[in-house]
Trainee: 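First the structure, then my questions, so here it is.
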Amino acid sequence: MRIKSEIWVKAYLRRCQVQGLSAVVVRRGDEHAGAIYICLNRLDGTVKLYGPAPAGLEGGESERRWVSCFANSPISEGEAATYLARQVKFDADIWIVEVEDKAGRHFLGDAVAEE
């Protein structure tokens, strides 16, 4: 069983704050099981977007796993907004967290399936 989305997001925000980064919840989703998207704003007009890994990925039953939504390539803020708007239409329960870091650190560690 996974930790609730709201608790995971609060812990993630705290981790970012401890590292001196600005991190905010842009969209609040379902507190129990909402999918979480991490939008890493590199403050140069580009972002990297991380979303939930596909079901069935090893370790995904009990831990949150992540994949880069755009093959680990930076995209424009507009492209990210368009992609996330489509995701909201598909699933109204998603969370969107935005982190600002020029160095591009996401603090998702080994939970990122593809990098």
Side-chain angles (χ1 to χ4, degrees):
M1 190 165 119
R2 283 191 201 175
I3 189 167
K4 291 180 180 181
S5 296
E6 181 178 36
I7 294 170
W8 189 96
V9 167
K10 286 180 179 180
Y12 183 73
L13 292 173
R14 181 71 179 133
R15 174 143 191 217
C16 291
Q17 290 168 349
V18 165
Q19 296 296 324
L21 302 181
S22 173
V24 296
V25 174
V26 175
R27 185 175 199 291
R28 183 178 168 82
D30 180 75
E31 66 183 72
H32 299 288
I36 303 166
Y37 287 82
I38 307 295
C39 184
L40 179 58
N41 189 329
R42 299 173 54 148
L43 302 173
D44 64 358
T46 66
V47 299
K48 285 190 175 180
L49 192 58
Y50 297 91
L57 193 64
E58 185 178 335
E61 306 83 36
S62 59
E63 298 178 25
R64 293 193 183 274
R65 304 279 300 179
W66 308 92
V67 293
S68 175
C69 297
F70 290 88
N72 206 27
S73 298
I75 58 173
S76 73
E77 293 178 33
E79 287 175 291
T82 299
Y83 179 86
L84 291 169
R86 279 196 317 263
Q87 296 306 311
V88 169
K89 285 182 183 178
F90 178 72
D91 179 4
D93 293 331
I94 72 169
W95 291 76
I96 301 172
V97 177
E98 183 166 335
V99 179
E100 293 180 344
D101 186 30
K102 288 181 181 181
R105 298 172 295 168
H106 53 62
F107 301 111
L108 298 172
D110 294 336
V112 177
E114 301 168 14
E115 271 207 315

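These numbers come from a predicted model, not from an experiment. Values below: all heavy atoms of this structure, side chains included; hydrogens, waters and symmetry mates excluded.
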Trainee: Measure across E31 and K4 and return the closest heavy-atom pair with its distance rounded to 0.1 Å.
Mentor: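 Smallest interatomic distance, heavy atoms only, reads O-CB, 3.5 Å.
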
Trainee: Which pair of heavy atoms, one from A23 and one from C16, lies closest together, and at what distance?
Mentor: CB-CB, 3.7 Å

Trainee: Taking W95 for the side chain and R27 for the main chain, is one N or O donor matched with an acceptor at less than 3.5 Å?
Mentor: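 Answer holds: no.
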
Trainee: How many angstroms lie between atom CD1 of I3 and atom NE2 of H32, to the nearest 0.5 angstrom?
Mentor: 13.0 Å

Trainee: Using the side-chain contact (heavy atoms from CB on, under 4.5 Å) rule, take E77 and C39 through it: C-alpha gap first, then chi angles, then the decisive distance, then the call.
Mentor: CA-CA 9 Å; E77 293 178 33; C39 184; over 6 Å; no

Trainee: R105: what forms a side-chain contact (heavy atoms from CB on, under 4.5 Å) with it, not counting sequence neighbours?
Mentor: Q19, L21, D101, A103, F107

Trainee: Evaluate side-chain contact (heavy atoms from CB on, under 4.5 Å) for L84 paired with V26, printing each intermediate quantity in order.
Mentor: CA-CA 11 Å; L84 291 169; V26 175; over 6 Å; no

Trainee: Taking all non-hydrogen atoms of both residues into account, name the closest pair between G104 and L40 and its distance.
Mentor: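 Taking G104 first and L40 second, the nearest heavy atoms are O-CD2, 3.1 Å.
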
Trainee: Can you name the nearest heavy-atom pair linking V47 to S76, along with the distance?
Mentor: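 Result for this residue pair: CG2-O, 3.9 Å.
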
Trainee: Please list, chain by chain and in numerical order, all residues satisfying side-chain contact (heavy atoms from CB on, under 4.5 Å) with L108, sequence neighbours excluded.
Mentor: W8, Y12, I38, Y50, W66, H106, V112

Trainee: Examine V88 and I75 and state if one hydrophobic cluster contains both, with Ile, Leu, Val, Met, Phe, Trp and Tyr joined whenever side-chain heavy atoms are less than 4.5 Å apart.
Mentor: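 Result: yes, single cluster for both.
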
Trainee: Closest heavy-atom contact between V25 and L13?
Mentor: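 Minimum heavy-atom contact is CG2-CD1, 3.7 Å.
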
Trainee: What distance separates I36 CD1 from E6 CD, expressed to the nearest 0.5 Å?
Mentor: 10.5 Å

Trainee: Establish whether V67 and L49 are linked, either directly or via other cluster members, by ILVMFWY side-chain heavy-atom contacts under 4.5 Å.
Mentor: no

Trainee: Do D30 and S5 make a side-chain contact, defined as non-hydrogen atoms from C-beta onward lying under 4.5 Å apart?
Mentor: no

Trainee: Between E100, K48, E98, which is the residue that forms a side-chain hydrogen bond (donor to acceptor under 3.5 Å, both in side chains) with N41?
Mentor: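 Output: one option passes, namely E98.
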
Trainee: Between G34 and R64, what is the shortest heavy-atom contact and its length?
Mentor: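 The pair with the smallest heavy-atom distance is O-NH1, 4.1 Å.
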
